[in-house]
Amino acid sequence: MKHVYIETFGCQMNKADSEHMLGLLDEINYRQTDEVDEADLILFNTCTIREAANSKFYSQLGKAGVRKKLKPNLLIGVGGCVAQNKEDLLQQQFPYVDIVFGTNNIQRLPDLVKLAESGKKVYEIEDELPYDLPEFPVIRQTQVTAWVNVILGCNFNCTYCIVPKVRGREKSRHPDSILSEIRKLAEEGCKEVTLLGQNVTAYGYDLSSNYSKQKATFGHILEDPEYSLAKLLRMVHKIDGIERIRFLTGHPFHVTDELIHTVAELPKACNYFHIPMQSGDDIVLKRMARVYTYEKYQTMVEKIRKEMPDASIISDFIVGFPGETHEQFMNTVKAVQELKFDACITAAYSPRPDTPGAMWEGQIPEEEKNARLRYLNLVVNEVVEQVNQKYTGTVQEILVEGKSQKNKSRLTGKTRGNRVVNFDGPDELIGKVVNVKITKMKPWALFGEIVNQEGIAYCISPA
Ligand code: SAH
Ligand code: SF4
Ligand code: F3S
């Protein structure tokens with residue numbers, strides 16, 4: 001038996017891919033280890049969304065190279081979005097890398113490792129995914145919750161974004177394959193599934209018979225699709241044992257009324273919307289090619305909150321996009337204040353190779369971008385703190401996921417809105433849904449105590 005040490009960068013889709021890589025490697029007797037010294041294979045699943053993600057990976061790759069000097073049999077593999085994008089650079093600059101593979105050929109990993117074991121250097125990148133998305137073996141890192149890829153790729157062309165280049169065009173998995181995976185998960189005790197896609201709100205369009213490749217450019221909504229995210233939610237909802245369903249990440253353009261009604265109607269669908277806005281300024285939005293205006297986004301938020309007043313709405317923002325004026329930046333600040341998001345993921349614009357934005361004039365100096373980011377983060381923290389206040393004293397339904405990382409005598413779980421909550425309780429509650437009264441809040445988590453239906457503190461262990 002051999003050992004693989006895997007390091008994953010980037011989004012949930014990469015995390016889900018890593019679980020499949022571990023499943024595939026298990027078939028050739030590579031078990032996961034948390035001890036890098038024990039590894040026969042160090043595998044990087046990389047992200048290239050911003051330059052900082054690249055740098056983090058390259059610094060870790062350098063360390064792996066040093067290890068290999070001391071242990072020449074050690075294999076080093078690089079997969080994910082950097083590999084898909086930078087094949088040549090990896091070959092030239094890091095000769096100690098044994099395996100380079102892309103996002104479209106994860107299923108080849110066992111064969112590639114076997115080749116590398118026999119002393120060959122392996123570089124294999126595919127431009128397209130295999131036609132049918134297979135159901136890969138998987139070794140999940142979590143038991144109670146699980147990620148399930150439902151659509152890969154993205155047909156939008158946001159002018160700052162490298163994802164369409166490294167993940168290709170949208171490709172949905174057939175519902176039969178998704179449902180079979182989720183049924184298995186339910187049998188194994190999983191309670192919550194998160195349906196994943198770079199643009200999950202476009203799920204199913206490409207499977208529908210009235211889909212036309214020509215029309216399927218960005219900003220395309222298929223009328224009356226045979227398959228859609230709303231329809232998929234209904235199908236997943238019927239699976240016994242699954243108690244919560246989430247999806248991410250969505251694009252505001254594809255958040256249809258039908259999707260909003262469906263989430264509101266289905267008890268198991270969490271009222272959780274991670275729908276990035278990116279900028280609160282119409283001119284910047286247009287230059288980003290986001291295909292909506294601030295007003296449209298605002299209307300979407302109103303519709304969601306009208307049907308689900310307790311909905312959690314999360315947005316991503318980019319500051320310092322080329323040409324962004326101070327006034328335009330302040331429109332983003334205003335948007336955060338006005339729409340009172342439950343959380344925001346913020347970043348300074350990072351020019352990505354071969355994307356239109358990177359080639360435009362009006363690049364904002366790093367210092368200015370960072371100053372805008374710091375200011376926006378201050379505002380975000382104020383807003384989120386205010387929003388968090390509403391939880392104090394309330395009783396929340398928590399799916400208990402396991403023990404808290406920081407304090408092993410505590411349990412941790414999430415609200416339906418995806419808030420982390422820590423509280424004391426017995427291990428038998430892991431995998432169960434319990435009521436927790438929120439007593440304290442910190443920016444990264446809420447704290448509380450278990451209560452019964454009537455809100456009375458639950459007796460944890462009789463003295
Ligand atoms: N599909 C999602 C986002 C996927 S990328 C959407 O359409 O919103 C995840 C996040 O990374 C984006 O929401 C964006 O905020 C950020 N991001 C993408 N490219 C970036 C860049 N070049 N610089 C800074 N942040 C970027
Ligand atoms: Fe990138 Fe835009 Fe696609 Fe999101 S919708 S992955 S930001 S191109
Ligand atoms: Fe990064 Fe690739 Fe995800 S670039 S954000 S890991 S799709």
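Counting starts at 1 for both ligands and their atoms, following the listed order. The figures that follow rest on heavy atoms only: side chains count, while hydrogens, waters and symmetry mates do not. Small disclaimer: the values here were computed from a predicted structure and weren't measured.
Side-chain contact annotation: Thr159 with Asn157, donor-acceptor N/O pair under 3.5 Å absent. Asn377 and Thr346 share a donor-acceptor pair across their side chains, judged by distance under 3.5 Å alone. His261 and Glu307 form a side-chain donor-acceptor contact under 3.5 Å, judged by distance and modelled atom types alone.
Using a 4.0 Å cut-off between heavy atoms, Cys81 contacts ligand 3 through its side chain alone, with no backbone atom that close. Contacts of Gln198 with ligand 1, taken as heavy-atom pairs under 4.0 Å, involve the backbone alone. With a 4.0 Å cut-off on non-hydrogen atoms, Pro276 does not touch ligand 2 at all. Contact annotation: for Met13 versus ligand 3, there are no heavy atoms closer than 4.0 Å. Residue Cys158 touches ligand 2 through backbone and side chain together, judged by heavy-atom distances below 4.0 Å. Residue contacts with ligand 1 for Met288 are absent, since no atom lies close enough (heavy atoms, distance under 4.0 Å). At a heavy-atom distance under 4.0 Å, only backbone atoms of Ala348 (N, CA, C or O) approach ligand 1.
For a threshold of 3.5 Å applied to N or O pairs, the pair formed by Asp316 and ligand 1 contains at least one separation below that value. Residue Arg50 has at least one N or O atom closer than 3.5 Å to an N or O atom of ligand 1. Any N or O atom pair closer than 3.5 Å counts here, and Gln278 shares at least one such pair with ligand 1. The shortest N or O to N or O distance between Tyr349 and ligand 1 is not below 3.5 Å.
In this structure, Phe317 has its ring center under 6.0 Å from that of Phe341. Aromatic rings of Tyr292 and Phe253 (six-membered ring for Trp) have centroids beyond the 6.0 Å cut-off, not under it.
Between Arg167 and Asp17 there is a salt bridge, with a side-chain nitrogen of the basic residue lying less than 4.0 Å from a carboxylate oxygen of the acidic one. A salt bridge links Lys2 with Glu117: the closest approach of a Lys/Arg side-chain nitrogen to an acidic carboxylate oxygen falls below 4.0 angstrom. Of the charged side-chain nitrogens involved, at least one lies within less than 4.0 Å of a carboxylate oxygen, so that Arg372 and Glu368 count as a salt-bridged pair. Between Lys286 and Asp281 there is no salt bridge, since none of the side-chain N atoms of the basic residue sits less than 4.0 Å from a carboxylate O of the acidic one. With salt bridges taken as basic N to acidic carboxylate O contacts below 4.0 Å, one links Arg173 and Glu181. A salt bridge does not link Glu243 with Lys268: none of the charged nitrogens is closer than 4.0 Å to a carboxylate oxygen.
For atom 4 (S) of ligand 3, the nearest protein heavy atom (residue, atom name, distance) is Thr48 N, 3.4 Å. Nearest protein heavy-atom neighbour of atom 1 (Fe) of ligand 2: Cys161 SG, 2.3 Å. Among all protein heavy atoms, the one lying closest to atom 7 (S) of ligand 2 is Tyr160 OH, 3.2 Å. Ranking protein heavy atoms by distance to atom 3 (Fe) of ligand 2, first place goes to Cys154 SG, 2.2 Å.
Separating the OH atom in Tyr203 from the NZ atom in Lys171 is a distance of 13.5 Å, to the nearest 0.5 Å.
Atoms of ligand 2 lying under 4.0 Å from any heavy atom of Phe156, numbered from 1 in the order shown and given with element: 3 (Fe), 5 (S), 8 (S). For ligand 3 and Cys47, the ligand atoms under 4.0 Å from any heavy atom of the residue are 1 (Fe), 4 (S), 5 (S), 6 (S). Heavy-atom contacts of Gln198 reach the following atoms of ligand 3: 7 (S) (cutoff under 4.0 Å). Per-residue contacts place Cys11 under 4.0 angstrom from the following atoms of ligand 3 (heavy atoms of the residue considered): 3 (Fe), 5 (S), 6 (S), 7 (S). Near Arg167, with a cut-off below 4.0 Å to any heavy atom, the atoms of ligand 3 are 7 (S).
Of the candidates Gln278, His254, Arg352, Arg290, the one placing a heavy atom closest to atom 4 (Fe) of ligand 2 is Arg290.
Distance check on atom 26 (C) of ligand 1: some protein heavy atom falls below the 4.0 Å cut-off. By the definition of a contact as any protein heavy atom under 4.0 Å away, atom 4 (C) of ligand 1 is not in contact.
None of the N, O or S atoms belonging to His251 lies under 2.8 Å away from atom 3 (Fe) of ligand 2.
Residue-ligand proximity: Asn199 is placed with every non-hydrogen atom at 4.0 Å or more from ligand 1.
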- request: Decide salt bridge (charged side-chain N to carboxylate O under 4.0 Å, His left out) for Lys114 and Asp111; before the verdict, give the C-alpha distance in whole Å, the side-chain angles of both, and the deciding distance to 0.1 Å.
  value: CA-CA 5 Å; Lys114 286 279 170 211; Asp111 291 341; over 6 Å; no

message: For a ring pair (Phe, Tyr, Trp, His ring centres under 6.0 Å) check, start with the C-alpha distance between Tyr58 and Phe94, then their side-chain angles and the critical distance, and finish with the verdict.
response: CA-CA 10 Å; Tyr58 283 118; Phe94 303 92; 5.3 Å; yes

